[in-house]
Amino acid sequence: MTELAKHYDHRAAQARCRALWDSLRAWHAEPLPPGSGDGRIFSIVIPPPNVTGALHVGHALNNTLQDILVRARRMQGYRTLWMPGTDHAGIATQAVVERRILEEEKKSRHDLGREALVARIWAWKEQYEERILEQLRDLGASCDWDRLRFTLDDQCAGAVREAFLRLFKRGLVRRGKRLVNWDTFLQTAVSDDEVFHEETKGHFWHIRYDVIDPKPGEPASVTVATTRPETLLGDTAVAVHPDPAAALDAADRDLREKRAAASSKDQPTIDAAIDDLAGRRRDLLPLLKTLAAMAKDGRQVRLPLLARPIHLVADEWAKPEMGSGCVKITPAHDPNDYDVGLRQSLPMLNILNPDGTLNAAAGPYAGLTMKKAREKVVADLEAAGQLVQVEDRLIDLAHSDRSKTPIEPYLADQWFIRMGELAQPAIDAVMSGRIRIVPERYAKGYVDWLSEKRDWPVSRQLWWGHRIPIWHVSGVTEADLVAAFTGHDTISWQPDGSDGFFVCSSDETLPVEGIANKDLVRDSDVLDTWFSSALWPHSTLGWPAATPELACFYPTSTLVTSRDILTLWVARMVIMGLFDTGEIPFREVSIHPKILDRYGETMSKSKGNGVDPVDVVEALGADALRFALAGMATETQDVRMPVDFQCPSCGHLIEQTTQNRTKPRLDCPKCGTAFRTQWAKTEVDLALPRGPAVSEKFEAGRNFSNKLWNATRFVLMHFDEADSATARGGLLAAGDPFAAAPMEDRWLASRLASVARAASSAIDEYRYAELARVLYGFAWDEYCSAYLELCKSRLADPAHRDRARSMLLLGLDTILRLLHPIMPFVTEEIWQQLGAVAGNRRMPWDDPDSPLPESIMTARWPEPPEAWLDTKTERQFGTFLAVVAAIREIRSRQNVPPRQKVPAAIRAPSDMADLLEPMRQAIESMAVVELATIRPDAVGAPGAATASVAGCEVFVDLADLVDVDAEIARLEKDYAKTEGFVKAKKAKLANETFTSRAPEAVVAAERVQLVELEDRLAKGQESLAAFRARKAQAAS
RNA sequence: GGGCAGCUAGCUCAGUUGGUUAGAGCGCCACGUUCACACCGUGGAGGUCACAGGUUCGAGUCCUGUGCUGCCCACCA
């Protein structure tokens, strides 16, 4: 037969498999024709990767898990669709492209203009999308490649406009001023989710505001404190608590309650706080009461530097237990102050230009950046004598996740989606179990987040994205609109609150450019990128059109994602899915862990601690990558993956540390070769050979692929050209193969049945790691190490050869099919090899009337019959393996050369002897012994080494080979161990409460064990005595 | 501040409803390459299951508390 190479060649195999799958379009799914009944449907939409860059190992995990589910279901006969696509990722992509253009061409987006920038981003998208798709296919992802979607393509855009119009018509879209996190670099608002906080050293400035025309008994000034003194330019009030006495009482009560519940360690801290409150009551309360009265009286204070009079207001936001008890109010630049501003009807004074400089409202400070303004404001305050005190303090400064620059809170016009009535159905869907989140604990975060029902701000001041489908027109009447748009049900409008209207349409453009000589001006903002993502499950299937795809594959079956976008994305998909279609978008959500580095930090490009999946695929194969990732996908929230640099010259591994992981070049400490890392930028560094970041975790998968490959080589070795086609193909056809079969065959069948069941249920329950572990253990330890070894002698015997061959094929074929979802390439490659030799073979679960499929991808998932399960045989086989292991241990201890056959005997109770007798040859070959007898009265040669296992006594006659001291040491150790167990058991059984309260079965089992242990102890003592005597004899 | 996880072998992780002597992979030690595979085989060493209490005949597993680590949410004039 064909000679197979000694090592599995993953590169060649991957290329061949891809070509095969593509030519068969085995990944393609057609919807059921309408009205043709239900059928078994399985569908997944891919969490669309951002087109910002290449995929990392986290994506590899996410997509591996999806592919496992998809491939398994496809084999199980489901009509299976995996919808692929990518995400335009608004702000992230625009930021990347803008930064690159700035770096390379020194141009800003304003230099380019909207149209040109968007064109550049499209070009970027084409390039990276292609790369991402190539990576997915390298990984083996069996997406339906005929159905590729992009969140910004025409189909998705149509769905976005339609969904937005429907929300608009229902009154769920509102316009409002809102404080946004303003990114002065990108000149856009970013969501709270795109902001990170960083502690920086700062100051706490105490500033005096003078009271205007103080009356007798009133203070001349109030002091407020701030970490951002420049914002005082936008102050429109100073607040004091309306009832400071009551507020202090409440604070005191809270602290005392807390103290009662606190540990003794924390109590002093709380006591100090209570003391502080008492001090405030004494020193500060009279002043605060006066100020509160003044505030109610409408009194004003003078804003330092600008000399603008501003109101003193009474508002509960000012906490008398903190600071001076008074607080400056800057409604346009602080979220809490904004709320105060709304409550107190204060002016909202915006002092910021979009580029981060101060505007005209800042008077003499106009044109300065916030940073410069701060310096000047502080200096001027000091000069004016208004600065009371400066403290050092650590402050949490908000930064934009995208540009890494500080955020300025900024008041801007925004569109919002009202969440009040939208959130509840999404909460209910999870609470009622219609959507199941696995692991369940993540449901809590989902429900809590949705329960706040906070309106969703959807405007982004960006150019890359879905332009908000709203036009504004002013100076017209409703009658004008009716006249212009009657008959267009794709258009809706609402008044803008003054003399105009907002017009929303699901069409790309409006039929007219103006109304009554007034221009219709389109909103320049785009939608939050999550808006189009929220529609992903139904928009990709054709919604709003009633497509056969939508009818067949929606709701989708499972969503596979990681926990960090459970709210951002998952919750919003449920909301929008329910709103648009009335149906949930998916039935189950499988949450998988995040991959962290050696130090427990998330992997990211900016940290440079990531592994490039392409490196792994190239070096070890996609299957190796997939196997390792599946093995890491446990129920835990995170898994660590230690990463090393590999020397490209000698292969030496250099541990990645916090020190070296962002170095552009490294020198191998072993061979001295200099190599570059992913950080290389300079031409000198780039000329060096690349040293990939690797993890040893993936080698297990590569080794496993090779193990399977070699098991196949062994099996195929025993088929040859002389075999007739029937002999090669029909081996498994003949009736019930196991009724009168030898024990090892019944054992294999039973194990196959158990393992197939375990695999199926692991997939049903999203236990990916267990799936990988069970199949690895079975294939390696049971099929290869045990069964295949046993077959070696049978294959040499013409009487048993055909049965052994067919059983080997049965086992191998089943393993391949079960493993295919995890390791598609190696299993396909082997399947093709088997096909060349035994293409007519049939598994009992195959359709007897049609030929085997050309690809394992569409082969039937193994479903061994219940009758194959045979726990008794599995137990007996375990005894046999234990006997072999015991002999091997003796040999190893005694340093018997591995190939040297030694005489042995087994003393076994008669039932056990009957069982072991048929396995005599197997024991002899696996343990390399010459078995004299297996009988209840067997005895070993004088001085034979012994071991007691599973109620049997094994004698290995080592004659002169025996190392008496080694044997005594081994026996003593074993004796001591056994003695300990016996003691513990006896104590347990002597315990009256145990025997009376524990279940009968448990007690009985303990008794049986005690008997066995005591027997083993007696035998051990016997052997020990013999060897001690022998030693004494030798000494004399 | 509120919430959710995690802490088991040198490393990365399993360990179902409490019930024999707590497992795997990698790494380590010893031995071994004609006979599928050195990307291998055989054997071995290595654990006070973070700590302290409690429930129970019995706790890695359940409860309470403590410590450390990570994440999410909120807030910090």
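Per chain, numbering begins at 1; letters A, B, ... match sequence-line order.
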Could you tell me how far rA59(B) sits from rU20(B) if I compare only their P atoms? Round to whole Å. 12 Å
Who passes salt bridge (Lys or Arg N to Asp or Glu O under 4.0 Å) against K985(A), sequence neighbours left out? E1006(A)
For rC13(B) and rU8(B), measure between their P atoms and round to the nearest Å. 9 Å
Can you check each nucleotide of nucleotides 2-9 of chain B against protein heavy atoms at under 4.0 Å and return B for base, S for sugar-phosphate only, - for none, in 5' to 3' order? -SSB----
Side-chain ion pair, R454(A) and E452(A), N-O less than 4.0 Å: yes
Who pairs with F704(A) by ring pair (Phe, Tyr, Trp, His ring centres under 6.0 Å), at least two apart in sequence or on another chain? F627(A), Y776(A)
In this structure, which stretches of RNA chain B are paired as stems of three or more consecutive Watson-Crick or G-U pairs, both distances less than 3.5 Å? B:1-7 with B:67-73, B:10-13 with B:23-26, B:28-32 with B:40-44, B:50-54 with B:62-66
rA9(B) to rA14(B) separation - P atoms, rounded to the nearest Å: 12 Å
Between rU61(B) and rG6(B), how far apart are the two P atoms, rounded to whole Å? 13 Å
Quote, to the nearest angstrom, the P distance that separates rC71(B) from rG54(B). 35 Å
Report yes if a side-chain nitrogen or oxygen of K594(A) is closer than 4.0 Å to either non-bridging phosphate oxygen (OP1 or OP2) of rG70(B); otherwise report no. no
Can a donor-acceptor pair under 3.5 Å be found between the side-chain atoms of Q1009(A) and the base atoms of rU20(B)? yes
Mind checking R1016(A) for me? I need base, sugar-phosphate or nothing, with any heavy atom below 4.0 Å counting as a touch. base
Counting side-chain heavy atoms from C-beta on, which of rA74(B), rC13(B), rU21(B) comes nearest to K985(A)? rU21(B)
Could you work out the separation of rU66(B) and rC73(B) based on their P atoms and round it to a whole Å? 25 Å
D337(A): which residues meet the salt bridge (Lys or Arg N to Asp or Glu O under 4.0 Å) condition with it, sequence neighbours left out? none
Produce a footprint string for nucleotides 39-48 of chain B: one letter per nucleotide, 5' end first; B if the base is under 4.0 Å from any protein heavy atom, S if only the sugar-phosphate is, - if neither. BSSSSSS---
Separation of the C1' atoms in rU21(B) and rU17(B), to the nearest angstrom: 22 Å
S705(A) side, atom OG; H7(A) side, atom NE2 - distance, nearest 0.5 Å: 12.0 Å
